[in-house]
Amino acid sequence: MNEPIFHYYGNKAGVEGADQIKQVIDDATRGSEYYKRQQEKRQQVLQKVNKMQMELDSYKNNEQKIKETKEIIQNKVKEFQINTDRIWAHFDMDMFYVACELLDKPELKDKPVAVGQTIVSTANYVARKFGVRSAMPGFVAKKLCPEIIFIPCHFEKYKSVSNIFMTILKKYDDNLESMGLDEANLDLTEYINNSQEDPAILCENIRKDILLATQLTASCGVGPNKMIAKLASEINKPNGLHVVEQSATAVLNFLEKLPIRKIPGIGNITEQILSGLNFNTCKDVRDRADELYVIFTPKTFEYIFYSCWGVARNYHVEFEDQHSISCQRTFSSISTQREFEDKVDYIAEKLAEEMQSEEKVGNHLTLIIKTSKFEIRSKSLQLNQYTNQAKQIAIYGKQLLKIMQLDEPIRLLGLKMSSLANEKQIQKQSISTYFKRQIDKSSGQENLVPSIKGSKSHQITEENDSFNKMSLQQQEQSKPDILSDDEASSISNQILSGVNSKSHQSQQQQQQYQQKQQAQPKSFRCPICNKEIDCKGNNTVLNKHIDRCITQQNVIVEQSDESNRNFSGSKIKVPSKIDSKAQKSFNFFKK
DNA sequence: TACATACAC
DNA sequence: CATGGTGTATGTA
């Protein structure tokens, strides 16, 4: 009943103090609304596990079914192969945000430090010994480690370090994929085929380059696909390398004892379910895959199954346009209708700002709230037109508010716009439906549509301006982007078919890099441009050079992105996408 | 389509 | 005293 809520600790982290740590966390948080909600969720998971266990029991009594299912699994095992002809590397900066801050405050190096305020974003290894973790609330971290020093987030700093990091890595794979400022997945196959370098030596050299350029350490994992590389990068973290050799047995060996929780995509809940059914390692999954087949949906089953066999994507996917833009805020609880509406207005403005700066419009709006009991609810609405205007969004948002019938205090409110299109792309449509909407207008919803020139009302004039602005843009005759529809990449699509990567964009550039790369002796060379720097051990000179190099390099990168966009009209990788996502994530730190 | 869940960073 | 924000995929009805 009073079971502590679930906290995940990687097996090498909390070590022997783990129980004590859990106790401290529990004492610090017991009784809060958040804690109560977590307990409820925990109970729900346990019920789900019970239900699954019953299904499993009945399965185990049905010999015929067992036979059939095991046959299906056998066939699946025969069908796939662990494709080892590609070489991937995953680079991951160690405790990135804290590490960046420590550059400016080296005296804190051996003290427990965390970046973040209400929530720990990153903790250094000193703090981690106390049990401090990412996503932990600040007050809990303080309980665990009263000495801990909190540093507020300085996003720009991290972004510029990240630029250096990414610039170095792009020399080896121009199409690198990244899920955050501090990590990147590289397909090194082409590079290594050309240079014939040993992957381990190459990656150690890259890590040295990163250290030289940023003064920070990165960990690296190497393997035949993206997932294995990522998993490998955690083995010798921090400041380490681990290589999983390019063979099926090496992969299977590597995964054998690995806790399922480590597999990207298996999170808190799935781990609880699996461990509740006594699946703990990848080997458990491989050995008893038929049981999972019975209780999970096909997609979930396939994902877990193939991951545990080491089968994952080993080629790059094309960049896809973002599907939604959202904005949400947490605040001290509010409970009156008036307060709700004010929040909607505020969030609508923020959302509109975001959409406009990204030149997007959308026609599907979702209102999200969190009650003070931490229950999340949402209502959504298909709009009758595309918009990115704060006033329109606010009007729709308030409609959703009504539909939701809120009668209890809330601590969070957000708006999400989906079904996005480029502002420019819908102009034609705007024009063609313009007169139709004038008719709609006369039937009541006049605030929702632009009006004709010369209208007298203040509100309408403003909206008229935005319409004119769009018309002007249309005259520029920019090419409309084509929305992708059939590229919906289901997990199974991604993990199956170990076929080739897309052709790389600039082979010339790569060859150029290789030539330079090969000729490098030991002395100081710039990790960005590969030129020899005669700095006589003076780091400042080197750093200044590197800074200049980065700036130049970035200009080049941006230009090439831009020309690609205009040239092909297809999706390209846009590193700035993730930048802006992370930027937005941390806006709330600034206040 | 609408809503809820799970996940990653 | 007390647990964030952005975006994606998937399951279910």
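Per chain, numbering begins at 1; letters A, B, ... match sequence-line order.
A sub-4.0 Å separation between OP1 or OP2 of dG4(C) and a side-chain N or O of Lys370(A) is present. Here Arg329(A) reaches the OP1 or OP2 of dT6(C): one of its side-chain N or O atoms lies under 4.0 Å away. In this model, the phosphate group of dC3(B) is approached by a side-chain N or O of Ser380(A) to a distance below 4.0 Å at OP1 or OP2. Applying the 4.0 Å criterion to OP1 and OP2 of dC3(B), one finds that Ser378(A) has every side-chain N and O outside that range. Between dC3(B) and Lys379(A), a contact under 4.0 Å exists linking OP1 or OP2 to a side-chain N or O. For the pair Thr118(A) and dA2(C), the criterion of a side-chain N or O lying under 4.0 Å from OP1 or OP2 is not met.
Contact check on Lys36(A) versus Glu33(A) returns a salt bridge, with a Lys/Arg side-chain nitrogen under 4.0 Å from an Asp/Glu carboxylate oxygen. Between Arg313(A) and Glu177(A) there is a salt bridge, since a side-chain N of the basic residue sits under 4.0 Å from a carboxylate O of the acidic one. Salt bridge annotation for Lys157(A)-Glu101(A): present, with a cationic side-chain nitrogen under 4.0 angstrom from a carboxylate oxygen.
Here, dA8(B) and dT3(C) have their P atoms 23 Å apart, quoted to the whole Å.
Within the nucleic acid shown, Thr270(A) comes within 4.0 Å of sugar-phosphate atoms alone, with no base atom in reach, counting heavy atoms only. Nucleic acid contact for Ala28(A): none, since no nucleic acid atom lies under 4.0 Å from a heavy atom of the residue. If you check every strand for non-hydrogen atoms under 4.0 Å, Lys41(A) touches nothing. Residue contacts for Thr300(A): at a heavy-atom cut-off of 4.0 Å it reaches the sugar-phosphate backbone alone, with no base atom in range. Ser32(A) comes within contact range of at least one nucleobase, with a heavy-atom separation under 4.0 Å. Residue Glu33(A) is classed as having no contact, given no heavy-atom separation below 4.0 Å to the nucleic acid. No engagement by Arg37(A) is indicated, since no non-hydrogen atom pair under 4.0 Å with the nucleic acid exists.
Less than 6.0 angstrom separates the ring centroid of His242(A) from the ring centroid of Phe254(A).
Between dT3(C), dA2(B), dG5(C), one nucleotide has an atom nearer to the side chain of Thr29(A) than all others, and that is dT3(C). Ranking dT8(C), dA2(C), dT6(C) by closeness to the His323(A) side chain, first place goes to dT8(C). Candidate nucleotides dC9(B), dT10(C), dA2(C) were compared by shortest atom distance to the side chain of Lys230(A), and dC9(B) ranks first. Looking at the side chain of Arg377(A), the nearest of the listed nucleotides dA2(B), dA4(B), dG5(C) is dA4(B). With dT8(C), dA2(B), dT3(C) as the candidates, the nucleotide lying closest to the side chain of His364(A) is dA2(B). Distances from the side chain of Tyr34(A) to the nucleotides dT3(C), dT6(C), dC7(B) place dT3(C) closest. Comparing atom distances between the Ile325(A) side chain and each of dT3(C), dA6(B), dG7(C) picks out dG7(C) as nearest.
Comparing Ile266(A) and Leu381(A), the nucleotide of DNA chain B nearest to each residue sits closer to the 5' end for Leu381(A). Checking Phe374(A) against Gln328(A), the closest nucleotide of DNA chain C that is more toward the 5' end is the one next to Phe374(A). Projected onto DNA chain C by closest heavy-atom contact, Thr297(A) and Arg411(A) fall at different nucleotides, the more 5' of which corresponds to Arg411(A).
For residues 403-416 of chain A, the pairs satisfying side chain to side chain donor-acceptor pair (under 3.5 Å) are Arg377(A)-Glu408(A), with sequence neighbours left out.
Atom CG in Asn268(A) sits roughly 9 Å away from atom P in dA6(B) (whole-Å rounding).
Checked against side chain to side chain donor-acceptor pair (under 3.5 Å), Ser380(A) has the following partners two or more places apart in sequence or in another chain: His364(A).
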